[in-house]
Amino acid sequence: MDTYDADGITLERVGEYVWEIPQEGEMNAPARVLASEALLDEISDDMTLEQLKNSTHLPGVTKHAICMPDGHQGYGFPVGGVAGIDAENGCISPGAVGFDINCGVRMMTTNLTYADIEGHEEELVESLFANIPSGLGGGGVVESGVDTVEAILERGMDWALEEGYAVEDDIAHCEDEGRRPDADPGVVSQKAKDRGKNQIGSLGSGNHFLEVQRVTDVFREDVADAYGLTEDQIVVLIHCGSRGLGHQVCTEYTREVEQAHPGLLDQLPDKELAAAPAGSQLADDYYGAMCAAINYAWVNRQLIMHRTREVFERVFDRSWEDMEMDLLYDVAHNIAKKEVHEVGVGPEGRPAGDDAAVDGEERELYVHRKGATRAFPAGHPEVPSAYRDVGQPVIIPGSMGAGSYVLRGGEASLETTFGSTAHGAGRTMSRTQAKNEFWGEDVQDELEEQKVYVKAQSGATVAEEAPGVYKDVDEVVRVSDELGIGDTVARTFPVCNIKG
DNA sequence: ATGTAC
């Protein structure tokens, strides 16, 4: 049998791009890595595979824990990890959702072409940077009191609609229509709400950005038509999350879960995977708080998009409606959701890993997607009606030098990955390492030679996000496409980029 | 990711 020997872990090849860590010892299921050998090489000597294997110790893990093609090590659980955990007898783990709850990305289309923008790049990037709050700390499009935060936590995009920051079409084109009904602002701490009240509509820092892009390639014409994408068109990509509020929620619940459920913690090889048993008060409270933070992040991206429409109106002296600045789609990257999937069931009638399964059954799972995108195929009832026939849009930001992709949820995603695919290129070096390798101004100058205009609060952020710190996004989406979990639709290349 | 940290 074809095997791959990583540092201390041997994987068995079970498909052209599917590698398995077989179930053994305390593992509750096998683990799988979806990657080419080139992508596997990138994660063979860090903690990614060990973290993936560790996650199969979580009680109630079904089928297999999965690492997407862009996976890399994270806090406890890989970024790019997906785990479907029984929502009745299993558990929920804040570390397997991530600190930046509903970090995600949205793409807005326009009827402008690259020719309309050429010559205006610097004016546009300056105006976007001046008008869209970014960087660490406070400052948002809306700065308000805790009662506003509570309304946002409760109602998500519905709040944005009520307040005139969104139109109906924006809501229809968000995952879950921009509102998680299980959100419970009552279990979000005062401290988290205080952190959130002056960051509503702000990019933040790190890998978060807003980018004006042009569509360079269309690969699936029929799907691109349904998404309203054409070659040379200008689109806007917004990547950010729930800022300090989501971070605070994750920090507090991780600590609470560790303290309240030491028995479960003892079963786990890594404290960072701390989980609350399904059915416990804490599992319900965390779920309610996480859903509330999810709603906050959707509003955050909406307000940034709203402000972007205003900036384009001033720069091009046309209304945003006239420029047809419509939301293509908004997807979450860091999320756990109750979803029903078909899974194997063991002899005791409980969901089991593939090896122990004797039967198949529909079960409600906490699907943890951490640095992974939902990618539902054509025909799925949760795909918005405008895209139902072609599949859910998936937006994959690459890097400032390589560009980004639009995919559509593939036919094999439900069976292979609980309906998920990759979420980006994936880092290949740490932020610290990046700052030693690159100098922000040099990176900026090189990009400008390619007619990419970057403006950031700090040069360090540009160095941390240099194109060279990312894996080959082409290879990531190629593997996704080959696996049939997310099919490539179009490719974009940056024109203007603003970041913290 | 994040008012980079018990």
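The model shown is predicted, which means the values in this text are computed figures rather than measured ones. Chain identifiers are assigned alphabetically (A, B, ...) following the order of the sequence lines, protein sequences preceding nucleic acid strands; residue numbering begins at 1 within each chain.
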Asks: If you take any heavy atom closer than 4.0 Å to DNA chain B, which residues from residues 196-206 of chain A end up in contact?
Replies: A:Q199, A:G204, A:S205, A:G206

Asks: Does A:K338 NZ have over 12 foreign heavy atoms under 6.0 Å away?
Replies: yes

Asks: In whole Å, I'd like the distance from the NE2 atom of A:H247 to the C1' atom of B:dA5.
Replies: 11 Å

Asks: Scan A:G241 against the nucleic acid and name what it touches under 4.0 Å (heavy atoms): base, sugar-phosphate only, or nothing.
Replies: nothing

Asks: Write out all pairs satisfying salt bridge (Lys or Arg N to Asp or Glu O under 4.0 Å) with one or both partners inside residues 466-478 of chain A, taking only residues at least two apart or from two chains.
Replies: A:D474-A:R491, A:E475-A:R478

Asks: In whole angstrom, what separates A:L136's CG from B:dT2's C1'?
Replies: 7 Å

Asks: Could you check how far CD of A:Q248 sits from C1' of B:dT4, rounded to whole Å?
Replies: 14 Å

Asks: Rounded to the Å, how far apart are A:Y75 OH and B:dT4 P?
Replies: 17 Å

Asks: Given A:R106, which of A:D326, A:D330, A:D170 fulfils the salt bridge (charged side-chain N to carboxylate O under 4.0 Å, His left out) condition?
Replies: A:D330

Asks: Taking atom P of B:dC6 as reference, at what distance in whole Å does atom CD of A:E252 sit?
Replies: 13 Å

Asks: Is there any ring pair (Phe, Tyr, Trp, His ring centres under 6.0 Å) pair reaching into residues 51-74 of chain A, and which pairs are they, with sequence neighbours excluded?
Replies: none

Asks: Tell me the closest heavy-atom pair linking A:H208 and A:C103, and the distance in Å.
Replies: NE2-SG, 3.4 Å

Asks: Are A:Q248 and A:K193 packed together at the side-chain level, in the sense that at least one heavy-atom pair is separated by less than 4.5 angstrom?
Replies: no

Asks: Expressed as a whole number of angstroms, how long is the span from A:H208:NE2 to B:dT4:P?
Replies: 15 Å

Asks: Under 4.0 Å, counting only non-hydrogen atoms across every strand here, what does A:K191 touch: a base, just sugar-phosphate, or nothing?
Replies: base

